[in-house]
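Report on the structure given below.
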Amino acid sequence: MIFHIAVCSPDPVLRGRVQRHCMEYYARRADACIVEEVGSRYELYLIELPAANPCSGLKAAAELRRRGVRAPLAFLAHTTAYAYEAFRVDAMQYLHIPFRPEQLTALLD
């Protein structure tokens, strides 16, 4: 099976870190994984709430839900201040940056 994961972040370092971890995780499971920034169909959305504009990520998630997208989504955030709002759009997880690799593994499990 091939899993499509969207990593939505303006930070190329964070995107690279998350992408590497996802690829390694699925390689250990003998599954394929495609991590993209642009695409049309995903099994998981990982959305950063950037420190400079955390509301942009929340608005993007709300728009996905408004359009009927029911795929799981999780937030990567620099502060816990928006956790309540994240769960209002049915987020499955809220990881505080910097997160440990095992936290991302648990999310992918």
Side-chain angles (χ1 to χ4, degrees):
M1 179 173 194
I2 298 176
F3 295 90
H4 291 84
I5 300 173
V7 179
C8 309
S9 170
D11 180 356
V13 173
L14 179 63
R15 279 194 319 268
R17 178 179 167 214
V18 171
Q19 179 176 2
R20 276 189 308 281
H21 187 83
C22 290
M23 300 296 278
E24 290 168 2
Y25 172 85
Y26 283 102
R28 286 190 304 269
R29 291 180 40 153
D31 287 317
C33 171
I34 298 173
V35 181
E36 303 174 296
E37 293 175 47
V38 178
S40 59
R41 181 182 63 87
Y42 300 105
E43 281 78 38
L44 175 63
Y45 290 84
L46 300 174
I47 303 171
E48 181 190 4
L49 300 183
N53 187 9
C55 292
S56 63
L58 292 167
K59 288 178 184 176
E63 180 62 19
L64 286 170
R65 295 302 191 222
R66 188 190 70 72
R67 291 180 180 193
V69 174
R70 298 307 313 154
L73 59 88
F75 289 98
L76 313 171
H78 298 274
T79 175
T80 58
Y82 298 94
Y84 178 75
E85 289 85 355
F87 290 108
R88 290 184 66 187
V89 293
D90 197 26
M92 66 179 282
Q93 187 62 265
Y94 190 92
L95 297 179
H96 187 257
I97 298 170
F99 52 86
R100 294 183 319 278
E102 54 270 13
Q103 290 175 293
L104 187 53
T105 296
L107 184 144
L108 294 172
D109 282 344

Residues Ser9, Val18; criterion side-chain contact (heavy atoms from CB on, under 4.5 Å); working and verdict:
CA-CA 10 Å; Ser9 170; Val18 171; over 6 Å; no
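Here Asp90 pairs with Arg70 under the side-chain hydrogen bond (donor to acceptor under 3.5 Å, both in side chains) rule; sequence neighbours left out. Considering only residues two or more places apart in sequence or on other chains, Arg28 meets the side-chain hydrogen bond (donor to acceptor under 3.5 Å, both in side chains) condition with none of them. Not counting sequence neighbours, Tyr82 has no partner by the ring pair (Phe, Tyr, Trp, His ring centres under 6.0 Å) test. In this view, Tyr94 satisfies the ring pair (Phe, Tyr, Trp, His ring centres under 6.0 Å) rule with no residue, not counting sequence neighbours.
With a 4.5 Å cut-off on side-chain heavy atoms, Pro50 and Asp11 do not count as touching. Proximity of Tyr42 to Val69: side-chain heavy atoms (C-beta onward) are nowhere separated by under 4.5 Å.
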Show me, pair by pair, the donor-acceptor contacts under 3.5 angstrom made by side chains of residues 95-109, not counting sequence neighbours?
unit_1, atom_1, unit_2, atom_2, d
His96, NE2, His78, O, 3.1
Arg100, NE, Glu102, OE2, 2.8
Gln103, OE1, Arg100, N, 2.6
Thr105, OG1, His21, NE2, 2.7
Thr105, OG1, Pro101, O, 3.2
Asp109, OD1, Tyr25, OH, 2.5

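For Arg88, the CZ atom counts as loosely surrounded, since its 6.0 Å shell holds 12 or fewer non-hydrogen atoms of other residues, nucleotides or ligands.
Taken together through direct or relayed side-chain contacts under 4.5 Å among Ile, Leu, Val, Met, Phe, Trp and Tyr, Ile34 and Leu44 form parts of separate hydrophobic clusters.
Remark: Gln93 CD to Phe87 CZ distance equals 6.0 Å, nearest 0.5 Å. Rounding to the nearest 0.5 angstrom, the gap separating the CG atom in Leu73 from the CD1 atom in Ile47 is 5.0 Å. Here the straight-line distance linking atom SG of Cys55 with atom CG of Leu49 works out to 8.5 Å at 0.5 Å rounding.
Residue pairs meeting the salt bridge (charged side-chain N to carboxylate O under 4.0 Å, His left out) criterion with at least one partner in residues 49-63, sequence neighbours excluded, are Glu63-Arg66, Glu63-Arg67.
Judged by distance alone, the side chain of Arg17 and the main-chain N or O of Val13 form no donor-acceptor pair under 3.5 Å. The closest donor-acceptor contact from the side chain of Glu43 to the backbone of His4 lies under 3.5 Å.
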